[in-house]
Amino acid sequence: MMPTQTIKYHPGADRLTAFSAGALPLSQALCISAHLQYCQQCRRHLTTLNQVGSQLFSDLPPMEVSDKLKNRILAQLDEPSQTKGLEQSGDSVSPDSSQQPADPHKKAAGNLPRCLNTLIPDGLKALPWKHLSPSISAAKLCNDVNGSKVEVIKIKPGGQVAAHNHTGEEITLVLEGSFSDSAGVYNRGDIIFRNKDDKHHRPIASQDAECVCLTSVEAPIQFTGFFARLFNPFIRRSHYSS
Amino acid sequence: MVKKQTNITELGHLQELIEQVAKLRDRQAFSSLFEHYAPLLKSYSLARDPGAYLVADELVQEVLIKVWNKAHLYDAGKANPNTWIFTLARNCRIDYLRRNGRFGNEVTSEDIFDHIEDEQSGPFEQTLQKKTSQQVQNGLGKLPAEQAQVLRKIYMEGKTQQEAALELSLPLGTVKSRIRLALQKLEIIIRGSEK
Ligand SMILES: [Zn+2]
């Protein structure tokens, strides 16, 4: 279980609502899910928000369903392939673990939120880190189809991220250590949202420890296509390199 | 508008059916769950994709097979039957969209939602959960139409706030504030504000 501590920076009500509804891009949802792993207060909110979804769902006008569909489903209950679902669903561990490198119920190395198990199966150290500057490294985890990029950023103690403009929204969740900018100090579990209008964005890691963050950055729209990448040699490899 | 009230006894009955599926692999109980939930699941899918009947049947099938396979994981202390089915349907929708390229491919709904643990699940939580459920149910029936509409767009139609704003020809800020006002009316106080 994650250590309980005071978290000061949370997602707003409307964003948590969209999360509960499943209406957030997965890149954003991943950061919110990681925050929830650390934050009991937001987990409670989510439980309630799920009830809003549940009630709206129960209030839907029922639509007639064919007997054909029912019979098709009933027939499938017998199929042996369906028992696979039982194994994958959680409580039994498949002995053939070579097929599933990331056992979803294994705690990720380094006490990471479990929503990152698939993307970081062997811990932070094993990620393909790239140096962006003497004090900053980054490892890309995935791209979302909306052009968002999810990365892990590592800042050495006292290291400072180059001043950068946001073309889209940037979400940052502290995984280890802490950092600060002109607006505050952020510790493990804190989640921060910045958009292009935010001026005070020059994060600096605390002096005593390395800071590791999960980030999701909305890419500028003109750069998201495959061809744009191909033909634009000036695209920086990472949002955080200066 | 007069709302159909899902009463406690109905929820209790649905809960028993899920337990019978879990413990006894009871096909009759499963069949009753189908009769109750399949029409709602179809409606849920069509809310997002009107006219897409094949997609709707696929969602009905996927969710109900999950009900059969995961019934033993259902925990009445954490969610009432409707909430459980809603979250299964939401996750199936996300994974369907993911498979069809609407979302990024590497992350599944399981990564996002299934590992969020809620440590307590006992009689106290169940009572609290029932109370909240009642409060939400009563509150939703009394919401101003414009607020309920925004909630439905987001929860049932799966719209982002931007999409909802575009469709309703409203500024994004208005959509956000309607959500907040609706939550306040439902007495869901969320303290977090984004910095
Ligand atoms: Zn929180």
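Below, all heavy atoms of this structure are taken into account, side chains as well, without hydrogens, waters or symmetry copies. By convention in this document, chain letters (A, B, ...) are assigned in the order of the sequence lines, proteins followed by strands, and residues within each chain are numbered from 1. Not measured: the values here are computed from a predicted model.
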Exercise for the section: Test the A/Arg188-A/Tyr38 pair against the cation-pi criterion, namely NZ or CZ under 6.0 angstrom from the six-membered ring centroid and within 45° of the ring axis. Expected result: no
Measure distances from [X] to the heavy atoms of chain A and classify the residue's part below 4.5 Å as side chain, backbone, both or neither.
{"X": "B/Gln61", "answer": "both"}
{"X": "B/Leu151", "answer": "both"}
{"X": "B/Ile112", "answer": "both"}
{"X": "B/Phe30", "answer": "side chain"}
{"X": "B/Tyr44", "answer": "both"}
{"X": "B/Thr132", "answer": "both"}
{"X": "B/Ser109", "answer": "neither"}

Completion exercise
Ranked by heavy-atom pairs below 4.5 Å to chain A, first place among B/Val175, B/Ile179, B/Asn91, B/Asn80 goes to B/Ile179
What part of [X] is in contact with chain B, defined as an atom under 4.5 angstrom from a non-hydrogen atom: side chain, backbone, both or neither?
{"X": "A/Leu46", "value": "side chain"}
{"X": "A/Leu30", "value": "both"}
{"X": "A/Ser27", "value": "neither"}

Problem - Residues A/Thr47 and A/Asn50: side-chain donor-acceptor under 3.5 angstrom - result: no
Salt-bridge contact [X]-[Y] (side-chain N to carboxylate O under 4.0 Å):
{"X": "A/Asp67", "Y": "A/Lys70", "result": "no"}
{"X": "A/Arg194", "Y": "A/Glu169", "result": "no"}
{"X": "B/Glu157", "Y": "B/Arg152", "result": "no"}
{"X": "A/Asp190", "Y": "A/Lys8", "result": "no"}
{"X": "B/Glu62", "Y": "B/Arg99", "result": "yes"}

Counting heavy-atom pairs closer than 4.5 Å to chain B, which one of [options] comes out on top?
{"options": "A/Ala29, A/Ser66, A/Cys39", "result": "A/Ala29"}
{"options": "A/Ile73, A/Ile32, A/Leu119", "result": "A/Ile73"}
{"options": "A/Glu64, A/Arg72, A/Met63", "result": "A/Met63"}
{"options": "A/Ala18, A/Gly53, A/Cys115, A/Ala34", "result": "A/Gly53"}
{"options": "A/Ser20, A/Gly184, A/Pro61", "result": "A/Ser20"}

Completion exercise
For B/Glu163 and B/Gly158 the tightest heavy-atom approach is OE1-O, 4.2 Å
Problem - Centroid-centroid under 6.0 Å between B/Phe113 and A/Phe19 rings - result: yes
Exercise for the section: If the plane angle is over 60° it's perpendicular, under 30° parallel, otherwise tilted; pick one for B/Tyr155 and B/Phe86. Expected result: tilted
